[in-house]
Structure formats: C-alpha cells, structure tokens
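This report concerns only the one structure given below.
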Amino acid sequence: MLDLSNITKTFFPGTVNERKALRGVDLHLAPGEFVTVIGSNGAGKSTILNMVSGKLRPDTGSVVIDGTDVTRLADFQRAKYIGRVFQDPMAGTAPTMSIEQNMAMALERGKRRGLALGVTAAKRERFTEELKSLELGLERRLKAKVGLLSGGQRQALSLLMATFSGPKILLLDEHTAALDPQRAALVSRLTAELVERHHLTTLMVTHNMEQALTLGTRLVMMHDGRIILDLDQERKSQMTVADLLHEFEKIKGAQLDDRTMLQ
Amino acid sequence: MITAVELGLIYAIMALGVYLTFRILDFPDLTVDGSFTTGAAVAAVGIINGMPPIAATLLAFFAGMAAGIVTGLLHTKGKINGLLAGILTMIALYSINLRIMGKANLPLLREETLVTPLKEAGLLGTGLSVATFLLVALAIKFLLDWFLHTDTGLAMQATGDNEEMIRSLGVSTDNQKILGLALSNGLVALCGGLIAQYQGFADIGMGIGIIVAGLASVIIGQAIFGHRLILIATLAVVLGSVLYRVVIQLALQAGLQPNDMKLISAVLVVVALVLPQWSGFRKLAARLKPAAPAEKETVA
Ligand SMILES: Nc1ncnc2c1ncn2[C@@H]1O[C@H](COP(=O)(O)OP(=O)(O)OP(=O)(O)O)[C@@H](O)[C@H]1O
Ligand SMILES: [Mg+2]
C-alpha cells in the first residue's frame with residue numbers, strides 16, 4: 001500500500017549546516033498495516049512522514065502509494081490518498097470556521113471543489129453520527145467555531161477529519177504529545193478504533209514507548225536517518241518498554257564505541 | 001445626506017471586494033487603487049463607444065478580475081511579497097488606465113448609463129434611488145455570502161485561516177488566492193464602473209486612496225456591527241461603507257475641504273484599528289456590554 005524505497009534527504013547540502021536527515025530508508029507497508037515509529041530527537045521520523053505527505057521531496061528514492069508513484073507530486077496533489085494529524089492541535093483545523101464546515105472540507109479531500117453548498121442537511125446528519133462516536137458531545141456543537149474547542153477536542157476532531165473520508169494512508173506525528181495524559185489516552189483509544197473501523201494503513205510517530213507497543217501491528221525504530229529495528233506483530237507483542245529502552249542503550253553504546261575507536 | 005447614503009451603498013460593492021481579500025484571504029491587496037479606475041475607464045469607454053451600459057459594466061468587472069489575476073500570479077508564482085505585488089500591479093494599471101481612457105478625464109454626461117433612468121425620472125437623492133442602490137448592494141452581498149459557503153468558498157476561507165491544513169486536504173492555496181484576488185478586484189472594478197456612471201465621468205485619479213475607504217468600511221463596520229458570521233460580517237461591511245460616507249459628509253458640512261478627505265479617511269482607519277487595542281477602551285466596552293441589557297430593562 002505504501003512503498004518508500006531508498007529515500008535520502010540532506011538539508012542545506014554543502015554548507016556548514018549540512019544535516020543528513022535520511023540516509024537511505026526502505027519501508028514497505030502492506031494494506032491495513034499499522035506501524036508505530038519511535039526514535040530519538042532528530043532521528044528523521046517527521047521527515048519520513050513529510051516525504052509521504054509531500055511537504056518535502058526526497059533527494060533520491062521514490063514514494064509509491066497503492067501502486068501510484070507520487071514522488072514528484074506536490075502535497076495538495078496527493079492529498080486524496082493521505083489523512084494526516086499534526087502534533088500541534090491547532091494545525092489540523094481552521095479555527096475561525098465551524099465544526100461542520102471543517103468536516104465538510106475534510107469530506108471533500110482531494111476532490112474537485114465546485115459551487116455546491118459545502119454543508120448540506122444530509123452531510124450534517126452524517127457529521128452528527130461521526131461526532132457521536134467521539135463521545136465528546138461535539139455533535140451538539142456543529143456550528144461552534146473550532147477555535148473555541150480545547151486542544152484534546154480539536155485533536156479528536158482532526159483525527160476524525162483525517163480518517164472518515166477513507167484515505168489510503170493515515171499519518172500521525174506525535175498527535176497525542178501536546179495533550180494531558182487523560183486526553184492523550186482518549187485520542188489514543190480513538191486512533192485505535194478509527195484505524196480499525198476504516199482499515200487504514202497507518203504510520204504513527206510517537207515518543208511514548210508504551211503507546212508504541214500497545215498500538216499498531218508493527219514497530220520501527222529510527223536513529224540518525226536510518227531504520228535500525230523493525231519488529232513484526234509477533235516480536236512486538238513480546239517486547240516490553242524496558243526491552244525497547246535497552247535497544248536504545250545498545251545504539252548509544254555502539255555510537256560511543258565508534259567514537260572511542262576513532263580516537 | 002441622501003447622496004452620501006447612495007454613494008455609501010455603491011461603494012459598498014468595493015468594500016465587499018476589499019473584505020474578501022483583507023478578511024477572508026488575510027491578504028492586504030493594494031491593487032484596488034488601480035483596478036477601481038480600470039473599472040471606471042472600461043465602463044466609460046464602453047458606453048461612449050455605444051455598448052449597452054449593462055454590458056460595459058460587466059466588462060469592467062472582468063477587467064478588474066484580470067488585474068486581480070496579475071497580482072495573484074505575481075504573489076503566488078513569482079513569490080513576490082503580497083503588498084509589493086499589489087503595488088506593482090496598481091502602478092502598472094495607472095499607465096494602462098490612461099491608455100484605455102486616452103486622456104485623464106472622460107465625461108459621460110450626455111451618454112445613456114445605468115443611472116440615467118433614475119436621473120431622468122428625478123429619483124436621484126430620493127428614497128426610491130436609495131432603495132435601488134440598497135437592493136444592488138444586498139444582491140452582491142448575498143451572492144458573496146452564498147459563494148463563501150460553497151465547497152470552493154469554504155476552501156477559500158480556510159486558505160486565509162490555516163493554509164497548511166487546507167493544502168493537506170488537497171486544495172491548491174495558490175489557486176485560491178488567485179481566484180480570491182480576481183473576484184475581489186472584479187467587484188472593485190464593477191464599483192468603479194458604477195461610480196463613473198453615477199457621477200457622470202471617469203477620472204484617472206478617482207481610485208487614489210480607495211483602499212483606505214474600503215478598509216475603513218470593513219474595519220469600522222465590523223467594529224460596530226460585528227463579524228461572527230459571514231452573513232453578519234458582510235452586512236457590517238455594507239453598513240460600514242454607508243457610515244463612512246456619512247461621516248465624510250458631516251466633516252464636509254462642518255467646513256472641511258474635499259481635499260482634506262484623504263487625511264480624514266486615514267485618521268478614521270487608524271482610530272478604528274488602534275482604539276480596540278487600547279486597554280482603557282476595552283475596559284469601557286466590557287463595562288458597557290453587561291450593563292446594556294440592564295439599562296434597557298430600566299427604560300422599559
Ligand atoms: N525543514 C527543515 N530544514 C532543515 N533541517 C530540517 C528540517 N526538517 C528537519 N530537519 C533536520 O532533519 C533532522 C531530522 O528531523 P526530524 O524532524 O525528522 O526529526 P524527528 O525524528 O521527527 O525528531 P523529533 O523527535 O524531535 O520530532 C533534524 O536534524 C532536523 O534538524
Ligand atoms: Mg518530529
């Protein structure tokens with residue numbers, strides 16, 4: 001469903017600020033696969049998601065979604081394949097517009113937009129049903145401006161908007177990181193439910209090891225622009241947070257060894 | 001004073017155009033100083049050359065759209081800062097407007113225009129002409145309201161609200177900005193064409209400072225009448241435009257010169273922008289608001 005082949009990306013090449021963000025990443029997701037991605041700061045996790053969404057273009061390599069090569073397409077041109085939730089709860093919705101207007105825009109993801117009325121009675125009914133599944137009471141506030149919602153409510157709404165129009169790929173970048181533990185748990189639970197319900201092929205970045213282990217069908221660990229660990233469902237289910245931390249330590253140790261060897 | 005109301009209602013069409021870029025797209029577009037005159041020039045030349053006035057007025061709308069598209073392309077494809085893109089088009093339009101008109105002033109006094117029927121029936125300056133212009137302004141207001149609630153209109157609103165989000169939903173924000181600038185300048189030019197017919201001439205300098213009048217209408221109108229819903233915001237723009245012309249008229253009656261008007265316009269906009277930020281004013285407004293219903297009760 002998603003094929004990333006030999007992706008490399010260097011920021012500011014040839015300058016003192018040169019930064020190799022991705023050093024040849026291969027990642028292939030089968031339909032319905034839900035991959036959680038962990039790794040230290042600057043490992044290249046967000047960059048990988050930006051490659052898929054088209055916010056950034058790779059230096060080399062290709063991005064193929066459901067058999068279509070989208071490597072050269074701009075972000076808005078491949079939006080029909082991709083639902084996305086950002087880390088910042090403010091980023092995924094238009095604050096001065098109402099809940100129903102935001103949802104109407106999401107429903108039209110990647111379609112040609114004409115002069116039909118954006119919010120109709122039929123759509124409103126559908127939005128009400130969808131919002132009920134969030135159990136946040138938002139279905140009674142269809143006309144409220146999204147800017148008035150709390151961070152958790154906005155993130156839950158973003159998640160719904162990213163999933164209910166049936167994208168081929170769902171991208172989640174630390175989408176629970178800005179929320180308090182209770183809201184984070186709620187959004188985590190909603191993520192599992194919505195991915196399950198729509199059978200979405202999902203790539204989720206998180207810093208929360210617990211979440212990385214409980215959610216998803218596969219786990220990938222990145223470090224310094226590479227994938228250094230790739231666990232299938234079976235091996236993932238045997239892992240504990242302590243095991244994962246141990247893996248991290250091993251990498252750091254290996255790095256230290258490299259350095260001591262160089263000296 | 002009725003003349004001021006009439007003018008305010010015609011200029012409301014221009015103010016609605018300014019609202020579209022300034023508030024919806026969050027784009028301060030200075031093209032309007034040029035495109036307003038373009039509309040007047042195109043309509044005047046069309047009418048003088050025997051076009052039906054309605055066709056000439058429509059042509060003015062399309063000429064304004066073309067000007068907006070140029071600014072949009074400069075900004076989105078040429079990556080030129082929005083303010084500068086507008087200024088460049090505005091300056092270029094000055095020469096183009098002169099070309100269209102052939103000279104600096106085109107009288108329309110003996111021509112048949114859209115305003116002629118009102119004039120000949122002696123209705124200008126009466127309630128009936130005010131009603132006519134009100135109908136026109138409201139028709140355009142409702143068209144704009146409708147447009148902003150279509151799928152395309154929602155995408156345009158979101159372009160000014162959260163660009164990255166609407167791109168992630170598959171909308172080219174470049175195209176939305178170009179479309180918004182085109183529609184906005186189309187309305188501004190349409191207004192220019194109507195003003196030329198109303199006052200009986202087109203003049204090369206008639207667009208100078210029109211952006212300030214537009215901004216004043218939008219800002220004053222929304223400060224007084226609110227902007228929570230699009231329907232209300234656009235109504236506020238129309239009312240703001242009328243209010244603006246009335247204030248100008250009052251200033252003239254108080255003995256100020258027509259040449260002082262640009263200064264007064266600028267001061268009005270500055271006041272409308274600065275006053276709401278001033279903490280004393282905010283406290284006052286906060287104190288007045290909850291008190292208002294109570295007052296009504298005591299009166300009743
Ligand atoms: N737009 C950009 N311009 C320049 N450098 C960038 C850009 N985006 C990312 N980088 C650099 O690329 C590297 C990888 O960044 P990335 O954001 O992918 O890390 P991450 O794994 O998401 O980290 P975090 O856990 O902190 O979010 C970092 O060194 C970062 O500074
Ligand atoms: Mg990141």
Side-chain angles (χ1 to χ4, degrees), chain A residues 49-50 52-55 73-86 88-98 100-120 123 143-148 154 157-158 161-162 165 167 169-171 173, chain B residues 19-27 65 72 76-77 79 140 142-180 182-183 186 218 222 226-234 236-237:
Chain A
L49 260 56
N50 286 333
V52 180
S53 74
K55 194 175 168 199
L73 294 185
D75 52 359
F76 68 88
Q77 289 166 321
R78 52 173 102 165
K80 63 168 171 264
Y81 306 116
I82 298 164
R84 181 162 202 195
V85 183
F86 305 87
D88 177 3
M90 303 301 145
T93 45
T96 71
M97 300 172 73
S98 66
E100 58 181 18
Q101 287 177 331
N102 271 275
M103 293 182 77
M105 291 191 289
L107 200 58
E108 293 296 301
R109 172 202 315 286
K111 292 190 199 141
R112 245 196 124 75
R113 283 157 210 259
L115 293 176
L117 218 50
V119 181
T120 59
K123 285 188 198 171
K143 293 197 189 299
K145 295 214 164 137
V146 171
L148 300 173
R154 279 183 83 158
L157 178 63
S158 304
M161 285 166 53
S165 56
I169 310 284
L170 177 63
L171 300 177
D173 192 353
Chain B
Y19 164 77
L20 185 59
T21 45
F22 182 64
R23 280 285 193 242
I24 299 293
L25 281 178
D26 197 15
F27 186 106
M65 283 190 89
T76 57
K77 308 299 173 197
K79 310 256 182 274
I140 290 177
F142 283 120
L143 265 177
L144 186 61
D145 291 342
W146 163 79
F147 169 73
L148 286 172
H149 288 92
T150 63
D151 284 326
T152 303
L154 290 183
M156 190 173 290
Q157 288 189 53
T159 299
D161 206 14
N162 187 344
E163 215 172 305
E164 181 161 9
M165 171 260 190
I166 194 67
R167 284 179 71 85
S168 83
L169 294 178
V171 171
S172 159
T173 48
D174 283 0
N175 289 353
Q176 287 298 322
K177 287 179 194 172
I178 295 170
L179 177 63
L183 286 176
V218 172
Q222 301 196 341
H227 53 91
R228 292 181 55 94
L229 294 172
I230 299 263
L231 292 173
I232 296 173
T234 50
V237 171

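Remember, predicted model here, so these are calculated numbers, not experimental data. Any value given below was found using the heavy atoms of this structure, including those in side chains, with hydrogens, waters and symmetry copies removed.
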Are any side-chain N or O atoms of [X] and backbone N or O atoms of [Y], one a donor and one an acceptor, separated by less than 3.5 Å?
X: A:Lys145; Y: B:Arg228; value: yes
X: A:Asn102; Y: A:Ala94; value: yes
X: A:Arg113; Y: A:Glu108; value: yes

- Item | Closest-packed option against chain A by number of heavy-atom pairs under 4.5 Å, given B:Thr152, B:Ile166, B:Leu169 | B:Leu169

- Return the minimal non-hydrogen interatomic distance between B:Ile232 and B:His227, and the atom names on each side. CG2-N, 4.4 Å

- Query: Of the non-hydrogen atoms in B:Gln222 and B:Val237, which two are nearest, and what is the gap between them?
  - Reply: NE2-CG2, 3.8 Å

- Query: Around A:Lys80, counting heavy atoms of other residues, nucleotides and ligands shown, do more than 12 lie under 6.0 Å from its NZ?
  - Reply: no

Is [X] close to chain B through its backbone or its side chain, or both, or neither, when contacts mean heavy atoms under 4.5 Å?
X: A:Ala106; value: both
X: A:Gln101; value: both
X: A:Lys111; value: neither
X: A:Leu117; value: both
X: A:Lys143; value: neither
X: A:Thr93; value: backbone
X: A:Thr96; value: both
X: A:Met161; value: side chain

- Which one, A:Gly110, A:Ser53, A:Pro95, leads in non-hydrogen pairs under 4.5 Å with chain B? A:Pro95

- Pick whichever of A:Met97, A:Arg78, A:Met90, A:Arg109 has the most heavy-atom pairs under 4.5 Å with chain B. A:Met97

- Residue from B:Thr76, B:Thr173, B:Leu183 passing side-chain contact (heavy atoms from CB on, under 4.5 Å) with B:Ile178: B:Thr76

- Answer yes when A:Lys123 and A:Glu100 have at least one side-chain N-carboxylate O distance shorter than 4.0 Å, and no when they do not. no

- Relative to chain A, which segment of B:Ile230 carries a heavy atom at a distance below 4.5 Å: side chain, backbone, both, or neither? neither

